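A short worksheet on the structure shown next.
Please read these numbers as outputs of a predicted model, since none were measured by experiment. Proteins get letters first, then strands, A, B, ... in listed order; numbering begins at 1 in each.
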2 protein chains.
Amino acid sequence: MHDAGESECRKDALLDPRIRRSRQMLHDALAQLLTQKEFDKISIQEIAEQAGLNRATFYSHYPDKFTLLNCMVGTRFHGLMARRNVQVNDCGGALKAIAMGVCDFLIDMPGVGVAAGGGQVEGSIQMAIVEVVQGILLRGMNRHEPRDPVDAKTLAATIAWAIYGAAYTWVRTEERCTAEHMAEALDRLISPMLHAGASGG
Amino acid sequence: MHDAGESECRKDALLDPRIRRSRQMLHDALAQLLTQKEFDKISIQEIAEQAGLNRATFYSHYPDKFTLLNCMVGTRFHGLMARRNVQVNDCGGALKAIAMGVCDFLIDMPGVGVAAGGGQVEGSIQMAIVEVVQGILLRGMNRHEPRDPVDAKTLAATIAWAIYGAAYTWVRTEERCTAEHMAEALDRLISPMLHAGASGG
DNA sequence: CGACATCTGTTGCTTAGGCAACGGTTCGCG
DNA sequence: CGCGAACCGTTGCCTAAGCAACAGATGTCG
């Protein structure tokens, strides 16, 4: 089985309610356990037990706990941005909204503190954030001011990584400013990049 | 089917996890809907939808929404008392704990406000509370100071109804005292009844 | 070293839930 | 009155989840 492997993490709709429910419970279980112990100290048995699901059911959804982690992080970040309806449209402030989302997500995400680093959790978070932010940027750019696809992809990647890097550094800073302040600073910093190269080729 | 009919509401343990989960979801769904509209304005379709379950699944657990209401209220009150580990033992204060539980439950229970009265919801609550409180009293009396079974049953019923009636009146009072204060008053009022007739025949 | 414990993937069978469809009731509205 | 809409209670078929059991890997303690 392993229907939810990596790439098909977010086919939320159209799915059997039982499947969506089970995956949701596995996500919640892992998130809960991450508040108590490190990722590599968590067994699949624990996750299944915490979720109130059978261990065999875990394997019918994910091949291993790493894939679950990736899907959990991706789904949660995607959900956060979707709930806030973050998108790049004609009115400004999109970059600020994106940066706010990333900052808030990093703050709330268990397993990411001032301590620890280089773990599997950080990697999953980074991947998920960059991928989702890239998607938002690309969709907005294509809809608003079309440009060369290669340029668009490069630009989106650059901005996505820039925002993630800034937020990642920010969240690990002892006496950091507010997320709001950080997001505004990032917006001012990056906006020129987004609008400068429009329609260039 | 209809495995959870009325009397066998609380066989929680030993049951297939899927069954416990579904019933829990139906309980939560009904409780949620009761915060929004009156009981007889709620359809089974709504309950199933709110629970994220199929309508047919509802019928495999309960014959109608009245049974669900009874089970939901009973389970919730029983769970509240169990979590607080309320029981009649050698040290005093049992009646206060019981009264506190009843007051807190009535306060939190949706569908019971200063308004409305004589509805199906009130009836279910009354039945559940009296039954559970009677059980607690009977178990405690048998364990602590055995007496004639008939007397015990009558005494337990009397006290249970007294507490319910007091709490019912209290919760519908405009400017009521705290639950703590009310429980203490009831304890002082009823304790003599509980201890007076011990070992009588 | 062996004994014991825990976790891992995987299997086959059983059971609960999803779904579509049915006929039947009630209600409101033109 | 007829019509549609919504709810009811039930059915049969299909799919996901529970469960027990397996062999194998790892780890730890005496």
Item to complete: Would you indicate which nucleotide in dT15(C), dA17(D), dG18(C) comes nearest to any side-chain atom of D16(B)?
Response: dT15(C)

Fill in: Option from R55(B), K41(B), K65(B), K37(B) for which side chain to side chain donor-acceptor pair (under 3.5 Å) with E46(B) holds
K37(B)

Discussion item. Distance check needed: dA6(D) P versus I42(B) CD1, whole Å only.
Written reply: 19 Å

Worksheet item: Closest to the A56(A) side chain: dG18(C), dG18(D), dC19(D)?
Response: dC19(D)

Discussion item. From CG of D64(A) over to P of dG9(C), roughly how many Å is that when rounded to an integer?
Written reply: 7 Å

Practice prompt. Round to the nearest Å and state the distance from Q45(B) atom CD to dA21(C) atom C1'.
Written response: 14 Å

Worksheet item: Does a side chain donor of either Q32(A) or D28(A) reach within less than 3.5 Å of an acceptor in the other side chain?
Response: no

Worksheet item: Can you tell me how far P of dG9(D) sits from NE2 of H61(B), to the nearest Å?
Response: 16 Å

Fill in: R55(B) CZ to dA16(C) C1', straight-line distance once rounded to whole Å
18 Å

Item to complete: Give the ring-plane orientation class for F58(A) versus Y62(A), where under 30° counts as parallel, over 60° as perpendicular and anything between as tilted.
Response: tilted

Response to the item:
Between OH of Y59(B) and P of dT10(D) the distance, given in whole Å, is 8 Å

Worksheet item: Any side-chain N or O of S22(B) less than 4.0 Å from the OP1 or OP2 oxygen of dG17(C)?
Response: yes

Worksheet item: Is there a donor on the side chain of R18(A) or the base of dG17(C) sitting less than 3.5 Å from an acceptor on the other?
Response: yes

Discussion item. Measuring from the side chain of I44(A) (C-beta onward, heavy atoms only), which nucleotide among dC8(D), dT8(C), dG17(C) has the closest atom?
Written reply: dT8(C)

Worksheet entry | Exercise: do T57(A) and N54(A) side chains pair donor with acceptor under 3.5 Å | no

Worksheet item: Is there a donor-acceptor contact under 3.5 Å linking the side chains of T67(B) and D64(B)?
Response: yes

Discussion item. Please report the distance, rounded to the nearest Å, between CD in E49(A) and C1' in dG18(D).
Written reply: 15 Å

Worksheet entry | Any S60(A) side-chain nitrogen or oxygen under 4.0 Å from OP1 or OP2 of dA16(D) | no

Discussion item. Whole angstroms only, please: what is the CE-P distance between M25(B) and dA17(D)?
Written reply: 12 Å

